[in-house]
Amino acid sequence: MEIGSKTDRGMIRELNEDALGYHQQLFVIADGMGGHEAGEIASALAVETILNLEAGEPTLANLEKLILKANEAILSSIDEKSELKGMGTTIVALWIFKNRGLIAHVGDSRAYQLRDGVLNKLTEDHSLVAELVKSGGITEFEARTHPQRNILTRALGTKSLLEVSLQEILIKKNDKLLLCTDGLTGMLEESKIQEILLKDKNPQVNADNLVAAANEAGGNDNITAIVIKV
Ligand code: CA
């Protein structure tokens, strides 16, 4: 397995509120929100909590537990410091075990799988626009520029009863897996992401090129990507 990763402030934002990390075969990306650097605290706290806890066996139930612990950690730090009120974060986590990938997500950070030259989106955003697309109210194209595209229907740090989306996928040699924040998918069409992943074998080159392309397209938000070549 080869791993590439990159996080970048983008061209507009003053802070980078995205966080990424991995330990052994567990990969995590978080996209924080909240004023006065609280977003940075929320995303970093989520990633640290998930990677520092004793994970146990790689199962969906254990992965969900880690995400719920991260949620609790954010909620308790909000309880302790009132200035952190309103902070929250998305999460997308991938846990690779043999030929399986366990995926958990909350919010609009995504997981993709590239196989035989084709990129597949694995996660469905928990966002207002994703729901509008699903109900047929707007198109995918309209969703990308919708004024309310940043409104999430689920995030860590909002309530203790958190619903985590979980799934298990099969992976095989030469697959590439991509975890990313909306700063990437908001700037680049999926066809462009696929093209970049196919252009170079090396996942670090892929991650660097994805971030560079999102910045060339405007870099309106923080951009984060982890690329794993199986
Ligand atoms: Ca973002």
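Whatever order the structure lists them in is the order used to number ligands and atoms, beginning at 1. Throughout, numbering of the chain's residues begins at 1 and tracks the sequence.
Residues satisfying the ring-ring contact (aromatic ring centres under 6.0 Å, His included) criterion with His146, sequence neighbours excluded, are absent altogether. Residues passing the side-chain hydrogen bond (donor to acceptor under 3.5 Å, both in side chains) test with Glu168 are Arg100, sequence neighbours excluded. By the side-chain contact (heavy atoms from CB on, under 4.5 Å) test, Ala207 is found to be paired with Lys6, Gln204, Val227, residues two or more places apart in sequence or in another chain being considered.
Across every non-hydrogen atom of Thr89 and Ala46, the tightest pair is CG2-CB, 3.8 Å.
Of the candidates Lys176, Glu2, Lys199, Asn206 forms a side chain to side chain donor-acceptor pair (under 3.5 Å) with just one, namely Lys176. Put simply, the residue from Asn215, Thr224, Asn16, Asn222 that forms a side chain to side chain donor-acceptor pair (under 3.5 Å) with Asp8 is Asn215.
Residue-and-atom listing of protein N/O/S atoms under 3.0 Å from the Ca ion (ligand 1), sorted by chain and number: Asp31 OD2, Asp182 OD1, Asp221 OD2.
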